[in-house]
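Here the structure comes first, spelled out in structure tokens, and everything after it is commentary.
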Amino acid sequence: MNCNIAVIKGDGIGPEIVEEAMKVLDVVGKKYGHQFCYSQILLGGASIDAYGVPLSDEALQIAKESDAVLMGSIGGNTTTSPWYQLPPALRPEAGLLKIRKELGLFANIRPAYLYKELAKACPLKEEISKEGFDMVIMRELTGGLYFGERKTEEVDGVRKATDTLTYDENEIRRIAIRGFDIARKRKKKVTSVDKANVLDSSRLWRAVVSEVAKEYQDVTLEHMLVDNCAMQLVRDPAQFDVILTENMFGDILSDEASMVTGSIGMLSSASLREDKFGLYEPSHGSAPDIAGKNIANPIATILSAAMMLRYSFDLDQEADAIEQAVQKVLEEGYRTTDIMSEGQRLVGTKEMGDVIAQTIENL
Ligand code: NAD
């Protein structure tokens, strides 16, 4: 298979971790007979330095013409970097919002997986974490409260602010279909999260998700109120497979779910649209505090590349190989600083990429 991948190395640790993901992809390509062609484009601070804008039209065009985008992370130290003296529309994050919007990425997936080797990093009690957990949060990314009309006014001398939460059935249906498709590739369970006891938008959400479920008889659907879900995530995270939810609930729940894994350097993410196209990036930021030191954990980016193989290219076996290799190197005790514990083998960014690549070769 030939795959054209737009690569955004980004800022801070971005270039270091993306190098390792490309190293791993190249080994996968060689072993399984695929050609991964990379077109490097700039986004964020690197693009501001080169072109004065966080995303150029040319870079956007290259991303649009590719089959998928693999990204490190963008941005700098928000207090000291000169990028943050610029008007908001010219700052690094404006480029990220623009590329997501222009590419029509409406579905965000963030897996939260507890490796038993890293169980000590999990802040939950051992009796809860000992079974491990493996879920994905599927969040609607382009609708709801964050994109509704808003205003701040003064009424009779009192300041008043209004945000509006709107979803139409098409927006709900397309993310629900994505959620059920992904559940089919996993443990075949969808937990749809809403606030249907209060909000009209949630009642429509629940109705449309239930309609979509009829087309997926092999997938179990349950509905859960968002406040209960926040509680269940720390009480019994093992019960979840795919959590399907709207924009703001997903924003909050995905951070909660990633926190309970305890290891930000391990968490991948994908933003998808209706077809196979997606943008894949680690859940963490550009970590400017550790950039250029060869100590960043590249695993979140490597696992994001695995998601790209699975969701954009339908290369499940190849994605499995990457995930198995990550599991194996953790079992063998390899650790970057952020996940290091006593008695394990401390390695740098490059070495972690090397051992994962080598493990794939030997699988
Ligand atoms: P961050 O995630 O970059 O860092 C938080 C902490 O986690 C830091 O101590 C960092 O050293 C550590 N960390 C993060 N990733 C790591 C890794 N792979 N290995 C080891 N340690 C790691 O969050 P922040 O400091 O709040 O943000 C820094 C910059 O990143 C900001 O400019 C922010 O806007 C940007 N950001 C970008 C994205 C993105 O590109 N999608 C996402 C979040 C934050």
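Both counts, for ligands and for their atoms, begin at 1 and track the order of listing. All values derive from a computational prediction rather than experimental measurement. The chain is numbered in sequence order, starting from 1.
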task = Could you name the option among Ile339, Asn297, Ile290, Ile17 that has the heavy atom nearest to atom 21 (N) of ligand 1?
result = Ile290

inquiry  = Using a 3.5 Å distance criterion without hydrogens, assess whether the side chain of Lys31 forms a donor-acceptor pair with backbone atoms of Ile360.
reply    = yes

message = Could you check whether Arg203 pairs with Asp200 (Lys NZ or Arg NE/NH1/NH2 to Asp/Glu carboxylate O, under 4.0 Å)?
response = yes

Residue Ala296 vicinity, atoms of ligand 1 by number, heavy atom under 4.0 Å = 19 (N)

ask   = Any idea which protein heavy atom is nearest atom 34 (O) of ligand 1, and the distance to it?
value = Glu93 OE2, 2.6 Å

query = Is atom 6 (C) of ligand 1 close to the protein, meaning a heavy atom under 4.0 Å from it?
reply = no

ask   = Considering only protein heavy atoms, which is closest to atom 12 (C) of ligand 1, and at what distance to one decimal place?
value = Ala287 CB, 4.4 Å

ask   = Any nitrogen or oxygen of Ser73, main chain or side chain, under 3.5 Å from a nitrogen or oxygen of ligand 1?
value = no

task = May I ask whether Ile99 and Val7 are part of the same hydrophobic cluster, defined by side-chain heavy atoms of I, L, V, M, F, W, Y residues being less than 4.5 angstrom apart, directly or through others?
result = no

query = Are Gln327 and Glu117 linked by a side-chain donor-acceptor pair shorter than 3.5 Å?
reply = yes

query = Do Leu272 and Phe277 pass the side chain to side chain contact (heavy atoms under 4.5 Å, CB included) test, and can you show the C-alpha distance, the side-chain angles, and the key distance before you say yes or no?
reply = CA-CA 6 Å; Leu272 308 174; Phe277 186 88; over 6 Å; no

Side chain, backbone, both or neither: the part of Ile295 lying under 4.0 Å from ligand 1 by heavy atom = neither

inquiry  = Tell me whether Met71 has any N or O atom under 3.5 angstrom from an N or O of ligand 1.
reply    = no

query = Does ligand 1 have any atom that is closer than 4.0 Å to a heavy atom of Ser286?
reply = yes

query = Do Val219 and Lys189 have side-chain heavy atoms sitting under 4.5 Å apart?
reply = no

ask   = Do you see a protein non-hydrogen atom under 4.0 Å from atom 2 (O) of ligand 1?
value = yes

message = Would you say the rings of Tyr38 and Phe36 are close, in the sense that their centroids are separated by under 6.0 Å?
response = no

query = Is Ile74 touching ligand 1 with its side chain, its backbone, both, or neither, if touching means heavy atoms under 4.0 Å apart?
reply = both

query = Is any side-chain heavy atom of Val190 closer than 4.5 Å to a side-chain heavy atom of Tyr216?
reply = no

key: Numbering as shown, the atoms of ligand 1 that approach Gly75 to under 4.0 Å (heavy-atom distance)   = 32 (O)

query = Any N/O of Asp289 closer than 3.5 Å to an N/O of ligand 1?
reply = yes

query = At what distance is the nearest protein heavy atom to atom 28 (C) of ligand 1, and which residue and atom is it?
reply = Pro288 CD, 3.6 Å

ask   = Less than 4.0 Å between atom 40 (O) of ligand 1 and some protein heavy atom, yes or no?
value = yes

Aromatic Phe106 / basic Arg174 pairing, under 6.0 angstrom, 45° off normal = yes

ask   = At what distance is the nearest protein heavy atom to atom 44 (C) of ligand 1, and which residue and atom is it?
value = Gly285 CA, 3.4 Å

inquiry  = Can you tell me which portion of Ala300 lies within the under-4.0 Å heavy-atom range of ligand 1? Options are side chain, backbone, both, or neither.
reply    = neither

request  = Give a yes or no on whether Leu145 and Val198 share a hydrophobic cluster (residues Ile, Leu, Val, Met, Phe, Trp, Tyr; joining criterion: side-chain heavy atoms under 4.5 Å apart).
outcome  = yes

message = Under 3.5 Å between any N/O of Tyr84 and any N/O of ligand 1: does that happen in this structure?
response = yes

ask   = Would you say atom 17 (C) of ligand 1 has a protein heavy atom nearer than 4.0 Å?
value = yes

message = Protein heavy atoms near atom 32 (O) of ligand 1, is at least one of them under 4.0 angstrom away?
response = yes

request  = Quick one: look at Trp83 and ligand 1, take heavy-atom pairs under 4.0 Å, and tell me if it's side chain, backbone, both or neither.
outcome  = neither

request  = Evaluate the side-chain proximity of Cys229 to Ile243: yes if any heavy-atom separation is below 4.5 Å, no if none is.
outcome  = yes

key: Short side-chain to backbone donor-acceptor contact, Thr349 and Ile295, under 3.5 Å   = yes

Proximity winner for atom 15 (N) of ligand 1, if only heavy atoms of His284, Lys293, Glu281 are counted = His284

message = Counting only heavy atoms from other residues, nucleotides and ligands, does the tally under 6.0 Å from OH of Tyr32 exceed 12?
response = yes

